[in-house]
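Just below is one structure, and these are the notes that go with it.
Chain letters run A, B, ... following the sequence lines, proteins first and then strands; every chain starts at 1.
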Amino acid sequence: MYKVPDQFYFRLHHPRPRFKSNIENVLIYMASEIVQIGSKPKAEFKQRLNDSIRMFPGNLNSTQKTIDNWRTEIDALFALIQENDQNLEPTYRAVDLAENQDLVKFFKVFCYYFQYPGGFVKNHVNLELINARINFKPAQYILTMLFEAEQKYGIRAGVTKAEVTHCIFNDLRVTRDHRPPLDTWDLISSHGVEYDWTGDVIRYAGDFLDYLVQANLLIRRPNQKYYLNKAEGAAIQRFIKPYENDFNYYNKIESLIREIDGNAFSEDEIKRLMLSKITDLENEWIRYFNTPLSDEFFDTDVISLVTSESTNDSTDTIDLSVILEEIADYSTGNIGSVGEAIIVKHEVKRLELGGRLDLKHLVKFIPTHFAMGYDISSRELDGGIRNIEVKTTTSSREIHFTRFHLTPNEWAVAESYQDRYYVYRLMISKESIKLYILQNPVRLYKEDRIKALPRDGMDVTFDSKSSGFVEELLV
DNA sequence: GCTACCCGTGCC
DNA sequence: GGCACGGGTAGC
């Protein structure tokens with residue numbers, strides 16, 4: 001059994017995600033609820049968020065303890081809430097996730113910013129990391145290692161959770177001394193030794209590798225190894241390059257260190273000063289974690305997502321690449337415009353199959369700046385108008401619970417067009433593209449078939465499993 | 001005393 | 001073996 005030599009052993013840790021198998025649904029739910037609550041005094045904010053968590057399917061009978069744990073741990077890890085004066089409020093990241101529902105992008109950004117030391121662990125833990133001189137960005141290190149190994153040896157380089165745990169995460173020669181990634185690869189590939197695979201030991205590195213999969217940067221094969229996702233070459237290069245901005249604890253505490261060096265403080269005083277400085281950095285960390293990145297930097301490239309090597313052997317999924325070839329012109333757009341392009345194709349096909357070739361040319365995309373309250377003007381088979389608002393989500397795995405936001409204008413337009421107004425909910429994942437069609441959302445709401453909460457328009461929630469709105473995508 | 005990550009334990 | 005509940009417990 002391989003063990004890191006004692007003098008180099010330092011076990012890294014981050015808050016443990018609950019709901020691991022359901023993380024996409026929980027994250028969108030939490031972000032949406034946090035945005036819905038808005039800016040509120042601390043106690044009220046916490047209470048309202050607890051109430052929301054309690055309403056999440058399966059939580060009705062959980063103890064208060066579990067509810068509190070959800071609230072604090074999800075926020076600690078993903079930085080969805082920030083302090084502002086005496087209030088708590090949603091962060092930019094929470095708003096972006098709630099509104100755009102681009103989970104792949106969310107995880108890319110998360111992995112990009114994730115580092116040790118980092119604001120997601122308690123201050124005294126960060127102090128230990130700083131005292132140990134740890135300075136480690138796991139996404140950058142892992143992606144660089146796999147990329148360089150592939151370049152040098154011309155192979156497909158894959159790693160297991162256990163290898164990443166014992167040869168990268170828990171070894172100061174990497175996390176403190178920045179051993180060249182290729183050297184680490186050589187070590188891993190030459191080892192031929194057993195590793196400790198038991199639960200908690202490999203949990204943290206394992207979770208992080210899974211986040212890289214959610215970000216579409218790695219793929220996990222049935223042999224339990226993680227490989228670079230060839231379809232995301234450009235994004236991977238962004239992780240490998242030096243960062244555009246950085247959150248360097250060591251630079252930020254430099255002046256304090258100088259002050260300590262110049263004075264005869266006791267050990268307790270030094271610890272207190274350091275902890276207080278790290279506490280001060282906490283809000284700055286949340287702001288750093290929420291720095292918006294330019295769209296072309298991280299917006300999900302839908303082509304890359306669906307042309308990724310599949311992680312299962314299912315053969316009954318539709319051939320997504322065929323669909324995407326047809327909309328190749330849009331491949332650099334954000335997920336919203338790709339979704340709209342897919343729906344234009346879908347509508348043309350629907351009219352064709354309905355024998356109305358004469359109406360095809362009337363399917364039109366309406367640019368957002370016209371503020372019509374819908375994205376696409378299409379036709380019914382009887383020639384009547386069908387106005388369509390497209391709402392798109394991406395994630396690595398399929399998600400089942402879904403919500404979307406309609407602006408005040410969209411909701412008002414929906415109300416006036418009634419049965420002529422449709423919401424096309426398009427959910428793009430590595431495994432499939434699913435389309436849910438909601439005709440006349442205002443009526444569905446009045447008939448209690450969907451839920452909607454007013455917030456600068458309406459937050460609409462429906463359950464894709466039980467509501468029966470699913471429609472086959474025709475492209 | 002309370003809060004919020006930490007992580008043992010037991011379920012699936 | 002993976003995963004989450006909810007008790008543990010350090011630090012505020």
Would A:Y436 and A:Y424 count as a close aromatic pair, with their ring centres under 6.0 Å?
no

Between A:I74 (CD1) and B:dA4 (C1'), how many Å, whole number?
13 Å

Aromatic contact between A:H14 and A:F114, with the criterion being ring centroids under 6.0 Å apart: yes or no?
yes

Check: A:Y116 ring centre within less than 6.0 Å of A:F120 ring centre:
yes

Just the rounded figure in Å: distance from P of B:dA4 to CG of A:L77.
16 Å

Should A:W70 be listed as having a side-chain N or O under 4.0 Å from OP1 or OP2 of C:dC5?
yes

When rounded to whole Å, the CD to C1' distance for the pair A:Q64 and B:dC2 reads 13 Å

If I take atom CD1 in residue A:I202 and atom P in nucleotide C:dC3, what distance separates them, rounded to the nearest angstrom?
10 Å

What string of B, S and - do you get for nucleotides 6-12 of chain C, 5' to 3', when a contact is any protein heavy atom under 4.0 Å?
BBB-BS-

I need the A:R221 CZ to A:R156 CZ distance, nearest 0.5 Å.
5.0 Å

A:R173 with A:D171: basic N within carboxylate O range, under 4.0 Å:
yes

Without decimals, in angstroms, what is the distance between A:L12 CG and B:dC5 C1'?
16 Å

Does one side chain, of A:T165 or A:N170, offer a donor that lies under 3.5 Å from an acceptor on the other?
no

Could you check, using the six-membered ring where one of them is a Trp, whether A:Y288 and A:Y113 have ring centers closer than 6.0 angstrom?
yes

Would you kindly give the CG-to-P distance between A:D68 and B:dC7, to the nearest whole Å?
19 Å

Matching residue for A:Y112 among A:Y243, A:F289, A:F247, A:F106 - test: ring pair (Phe, Tyr, Trp, His ring centres under 6.0 Å):
A:Y243

Provide, to the nearest angstrom, the distance between the CZ atom belonging to A:R203 and the P atom belonging to C:dG1.
14 Å

Write out a two-atom table: protein N or O, nucleotide N or O from nucleotides 10-12 of chain B, distance below 3.5 Å.
none

Nearest-Å distance, OH (A:Y204) to P (C:dA4)?
13 Å

Side chain of A:E447, backbone of A:R449: donor and acceptor closer than 3.5 Å?
no

